There are 2 protein chains.
Amino acid sequence: MATGRTHRPATRSRGIPEATVARLPLYLRALTALSERSVPTVSSEELAAAAGVNSAKLRKDFSYLGSYGTRGVGYDVEYLVYQISRELGLTQDWPVVIVGIGNLGAALANYGGFASRGFRVAALIDADPAMAGKPVAGIAVQHTDELEHIIESNGVSIGVIATPAGAAQQVCERLVAAGVTSILNFAPTVLTVPDGVDVRKVDLSIELQILAFHEQRKAGEEASENGAPADRAAALAAEAEAAVTGDRKGPDGDLPAVMPA
Amino acid sequence: MATGRTHRPATRSRGIPEATVARLPLYLRALTALSERSVPTVSSEELAAAAGVNSAKLRKDFSYLGSYGTRGVGYDVEYLVYQISRELGLTQDWPVVIVGIGNLGAALANYGGFASRGFRVAALIDADPAMAGKPVAGIAVQHTDELEHIIESNGVSIGVIATPAGAAQQVCERLVAAGVTSILNFAPTVLTVPDGVDVRKVDLSIELQILAFHEQRKAGEEASENGAPADRAAALAAEAEAAVTGDRKGPDGDLPAVMPA
DNA sequence: ATTTGTGAATCTCTTCACAGCT
DNA sequence: AGCTGTGAAGAGATTCACAAAT
């Protein structure tokens, strides 16, 4: 899901699969909940259920970190919380800057899970001079002019881009030039970055479109499985049916003028 | 990344790989940009560059949709926009409800890319009675009591959950009971849903933690490649080094008391 | 009696490389 | 001459199933 380079360019070192890394935060969250309830140990089966994955996968994932379980017993919750935190690099506090303090940027700044667990909002940056000095989530917004200074003096290596799409690439370049090497991009654009910089992308409309695809598929199946689609499904049926049954080869007749922009 | 069932339970039908589906929105966005600049055709190489993927992958992806290109020439932009839109189910308008109109919910409601391209915000729902009637993004917020009524009368099948984590599962169940079959979850919780319901998850802190992992890895490599880590890298080096070199088998000495909650 | 840790089998996704079409 | 479409190879991720450990 990272849009940037494939990563893992230099030393291959001890390679934890990317898919596993992506699940560690999930396990960590489930474990933290158990820890708060003072549960001492947990089996792979239980923890897997809490994290929404299957237990074989969870055990394989943990096997990449080492042998932290006890056969016949399970995993020590506290110990595992520590090991995963350490593996993820959360035993230190990462200063983060958020660029673009619109609706979304403000929402991110206010997001609680941010401040806790390893991350600290070091600065909020916006291009609008009218925003400068305004407090958002208890932090005064600073102007984009300060960007390089902020990054360098705070040793920021993680940046969050919540600007409009048009500004994202430029902001990205300034962040990278100033020393940021990991970017979380909320702007609906593909960012181009040099090697060694990681980009992850969060994109609302992409997620919705993926859901729409499956939703359409469901409507299509419903229609072709039993002949009696209900409610709105009726309206979708014709359209969806066409999509499902349409031949795959070449222009199939009804090319409409243009799509909605 | 869908947290729900693995999907594709019943009719296997014409199976477009999930990884391909996840990239179609990316292609669509790049194509739309080309379309706006009135570019008539595009090669797999060019389009792949614009979408940030490699061209073989793009061609393979398109091959699942059908043979929509012309050898020696490339793809017709308008035609491809239409085909992908249709495949994704965007030739119809999906009514969407957003539940939880806090900072994030408001940001989502205001998000422009929402209204355009296939989705329409049918309602904003919040549990706070004080919010009821307040306009957000030009739409009056409605109280949670209305949830079932809104879903049913608007034929909503896609719901967005932007509530606090504690409320998410309950909201999810009400949405599903009322007829929603696709959920985009912004709350940091694993949602449990019945078969046939799709869940996709957007989780800020997971994304940040994945970045932190790679960031830490970079610091470790830097430290072990050349012996002279600079700036903050120096501070991280000892910690990261320990993580990289620590043996994988069993308790490695210094188990600290507990992690930061 | 349980539950982990992991080879081996399987499935999915990506990349290669080139035949086939325009 | 140029570019698509795709079999085949390769890489990665998931699941199975069971030996090893407590």
Side-chain angles (χ1 to χ4, degrees), chain A residues 1-3 5-8 12 14-24 26-27 31 39-77 79-80 83 210 247-251, chain B residues 1-3 5-8 12 14-24 26-27 31 39-77 79-80 83 210 247-251:
Chain A
M1 209 131 297
T3 307
R5 290 319 115 239
T6 321
H7 196 263
R8 190 176 307 156
R12 163 163 288 273
R14 150 162 68 109
I16 298 181
E18 193 57 36
T20 295
V21 172
R23 281 187 296 267
L24 291 181
L26 224 57
Y27 302 145
L31 284 163
V39 177
T41 61
V42 66
S43 70
S44 63
E45 204 68 55
E46 296 166 323
L47 185 54
V53 303
N54 102 12
S55 67
K57 183 155 41 180
L58 177 142
R59 288 200 301 280
K60 174 83 59 184
D61 283 343
F62 286 177
S63 80
Y64 294 115
L65 309 184
S67 309
Y68 294 147
T70 306
R71 291 168 201 236
V73 178
Y75 299 90
D76 182 279
V77 171
Y79 186 59
L80 202 45
Q83 289 301 342
I210 296 170
D247 68 344
R248 307 181 50 182
K249 201 72 183 178
Chain B
M1 205 127 295
T3 308
R5 290 317 114 242
T6 321
H7 197 263
R8 190 177 307 156
R12 164 161 287 271
R14 150 163 68 109
I16 298 180
E18 193 55 37
T20 296
V21 172
R23 281 187 295 268
L24 291 180
L26 224 55
Y27 302 144
L31 284 163
V39 176
T41 61
V42 66
S43 71
S44 63
E45 202 70 55
E46 294 164 326
L47 184 54
V53 303
N54 103 12
S55 67
K57 183 153 42 179
L58 177 142
R59 287 200 302 280
K60 178 71 88 179
D61 283 342
F62 286 176
S63 80
Y64 295 115
L65 309 184
S67 309
Y68 294 147
T70 308
R71 293 167 200 239
V73 178
Y75 299 91
D76 181 279
V77 172
Y79 185 59
L80 201 45
Q83 290 300 345
I210 295 170
D247 66 346
R248 307 180 50 181
K249 201 70 184 179

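Since this is a predicted model, take the numbers as computed values, not measurements. By convention in this document, chain letters (A, B, ...) are assigned in the order of the sequence lines, proteins followed by strands, and residues within each chain are numbered from 1.
In this structure, A/Ser44 and B/Thr20 both approach DNA chain C, and ranking their closest nucleotides by distance from the 5' end singles out A/Ser44.
In terms of phosphate contacts, B/Tyr64 brings no side-chain nitrogen or oxygen within less than 4.0 Å of OP1 or OP2 of C/dT14. Residue A/Arg23 places at least one side-chain N or O under 4.0 Å from the OP1 or OP2 atom of D/dT14.
Listed candidates were C/dT4, D/dG7, C/dG7. Nearest to the side chain of A/Ser43 is C/dT4. For B/Ser63, taking side-chain heavy atoms from C-beta onward, the closest of the listed nucleotides D/dC3, D/dG5, C/dT6 is D/dG5. Set against D/dG5, D/dT15, C/dT4, the side chain of B/Tyr75 has D/dG5 as its closest nucleotide.
Partners of A/Thr41 under the side chain to side chain donor-acceptor pair (under 3.5 Å) rule, at least two apart in sequence or in another chain, do not exist in this structure.
For the pair B/Asn54 CG and C/dC16 C1', the computed distance is 10 Å after rounding to whole Å. The CD-P distance, from B/Glu45 to C/dC16, rounds to 12 Å in whole Å. Atom-to-atom, CZ of B/Arg71 to P of D/dC3 comes out at 14 Å; the value is rounded to the nearest Å. Atom P of nucleotide C/dC16 and atom CG of B/Leu58 are separated by 15 Å, given to the nearest angstrom.
Between the CG atom of B/Leu47 and the CG atom of B/Leu31 there is a distance of 4.5 Å, given to the nearest 0.5 Å.
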